[in-house]
Amino acid sequence: MASVNSGGQNLHGEVLDSSSLSFGTRVKWFAICFVFGIACSILGTALLFIPAAGKKLFAVFYTLGNIAALASTCFLMGPLKQLKKMFAPTRLIATIVMLLCLIGTLCAVFWWHKNGLAIIFCVLQFFAMTWYSISYIPFARDAVIKCFTGCLN
């Protein structure tokens with residue numbers, strides 16, 4: 001039996017709809033999740049220099065940090081809206097590459113036991129997350145493309 005709040009919406013609906021949380025609560029949890037993601041990425045970078053398990057720890061914490069940072073935006077707009085925006089035609093390729101890199105990093109560490117490949121996936125994660133993130137800024141992708149083509153010519 002689903003619990004019902006005063007607005008008539010069940011708990012599941014509240015979780016999926018960001019408007020059920022106050023703006024202050026959404027911003028607070030966004031910040032907490034985002035800072036946790038940054039902290040994981042920084043910790044992973046610091047752990048990279050541990051002789052035996054450094055590469056594996058780096059890959060895991062860096063990936064966890066990226067997942068947390070990505071999940072943090074769900075608090076601002078809600079998970080369903082986030083997923084719709086992630087898989088919009090303008091972001092589809094960036095989203096797929098980003099998700100494949102996240103999965104590839106973890107597979108390289110835990111199943112394939114290829115730390116070098118995990119590092120390559122982390123570098124690709126960085127570029128994929130950057131390309132995905134700038135897709136939310138109007139004309140940012142065009143500016144980046146013009147900047148790089150100008151530098152290469």
Side-chain angles (χ1 to χ4, degrees), residues 11-21 25-153:
L11 182 60
H12 181 8
E14 285 184 43
V15 171
L16 295 177
D17 182 16
S18 67
S19 64
S20 65
L21 301 173
T25 302
R26 288 186 285 145
V27 170
K28 178 173 63 172
W29 281 104
F30 161 77
I32 289 168
C33 202
F34 191 76
V35 168
F36 175 75
I38 291 171
C40 283
S41 295
I42 291 171
L43 178 62
T45 303
L47 293 173
L48 180 61
F49 302 104
I50 294 176
K55 291 177 185 171
K56 182 182 283 191
L57 291 171
F58 166 73
V60 170
F61 277 98
Y62 187 77
T63 301
L64 182 62
N66 279 338
I67 291 170
L70 183 63
S72 68
T73 57
C74 289
F75 287 104
L76 293 180
M77 65 180 85
L80 290 179
K81 195 172 188 181
Q82 170 75 11
L83 286 172
K84 285 178 186 175
K85 287 187 175 211
M86 284 176 69
F87 290 98
T90 57
R91 293 184 190 93
L92 183 61
I93 294 172
T95 299
I96 290 171
V97 170
M98 176 185 60
L99 294 175
L100 287 175
C101 288
L102 292 170
I103 293 166
T105 302
L106 297 176
C107 287
V109 168
F110 292 114
W111 288 281
W112 305 328
H113 303 288
K114 303 285 185 188
N115 293 337
L117 184 60
I119 299 298
I120 291 170
F121 275 123
C122 285
V123 171
L124 293 174
Q125 269 187 58
F126 172 78
F127 288 118
M129 286 289 284
T130 301
W131 193 249
Y132 168 79
S133 298
I134 65 172
S135 73
Y136 284 94
I137 303 168
F139 307 109
R141 284 181 170 177
D142 294 334
V144 169
I145 290 170
K146 284 181 184 178
C147 178
F148 277 103
T149 54
C151 290
L152 295 174
N153 290 335

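Both backbone and side-chain heavy atoms feed into the values below; hydrogens, waters and symmetry mates do not.
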Quick one: CG on D142 to SG on C147, what's the gap to the nearest 0.5 Å? 12.5 Å
All heavy atoms of M129 vs all of N66, minimum pair found to be CE-O, 3.7 Å
List in chain and number order the residues that pass side-chain contact (heavy atoms from CB on, under 4.5 Å) with L106, two or more places apart in sequence or in another chain; answer none if no residue qualifies. T63, F110
Residue F30 excluded, over 12 heavy atoms near CZ under 6.0 Å: yes
Looking at side-chain heavy atoms only, is the closest gap between L48 and I119 below 4.5 Å? yes
Does the T95 side chain pair with the main chain of M86, one donor and one acceptor, at a distance under 3.5 Å? yes
Surrounding CZ of F127 (heavy atoms of other residues, nucleotides or ligands, distance under 6.0 Å), is the total greater than 12? no
Look up atom CD1 in I103 and atom CE in M98, then write down how far apart they are to the nearest 0.5 Å. 10.5 Å
Euclidean distance, L57 CG relative to T45 OG1, rounded to 0.5 Å: 12.0 Å
To the closest 0.5 Å, what do you measure between CG (L43) and CD1 (I38)? 13.5 Å
So do V97 and L124 actually touch side chain to side chain, heavy atoms under 4.5 Å? no
Heavy atoms only: give me the nearest W131-A94 pair and the separation to one decimal. CD1-CB, 3.8 Å
Are side-chain heavy atoms of F34 and F75 found at a separation under 4.5 Å? no
On a heavy-atom basis, which atom in G37 and which in A68 lie closest, and how many Å separate them? CA-CB, 3.7 Å
Taking everything shown except W29 itself, do over 12 heavy atoms lie less than 6.0 Å from its CH2? no
Measure across R141 and R91 and return the closest heavy-atom pair with its distance rounded to 0.1 Å. NH2-CA, 4.3 Å
Rounded to the nearest 0.5 Å, what's the gap from NZ on K55 to CZ on F49? Could you check? 11.5 Å
If you define the side chain from C-beta out and look only at heavy atoms, does anything of Y132 sit under 4.5 Å from L70? yes
All heavy atoms of L76 vs all of R26, minimum pair found to be O-NH1, 3.0 Å
Please examine the side chains of T105 and Y62, heavy atoms only from C-beta on, and report whether any two atoms are closer than 4.5 Å. no
Is I93 atom CD1 crowded by more than 12 heavy atoms from other residues, nucleotides or ligands, each under 6.0 Å away? no
Could you give the distance from CG (L100) to CZ (F121), rounded to the nearest 0.5 Å? 8.5 Å
Q125 and C122, any side-chain heavy atoms less than 4.5 Å apart: yes
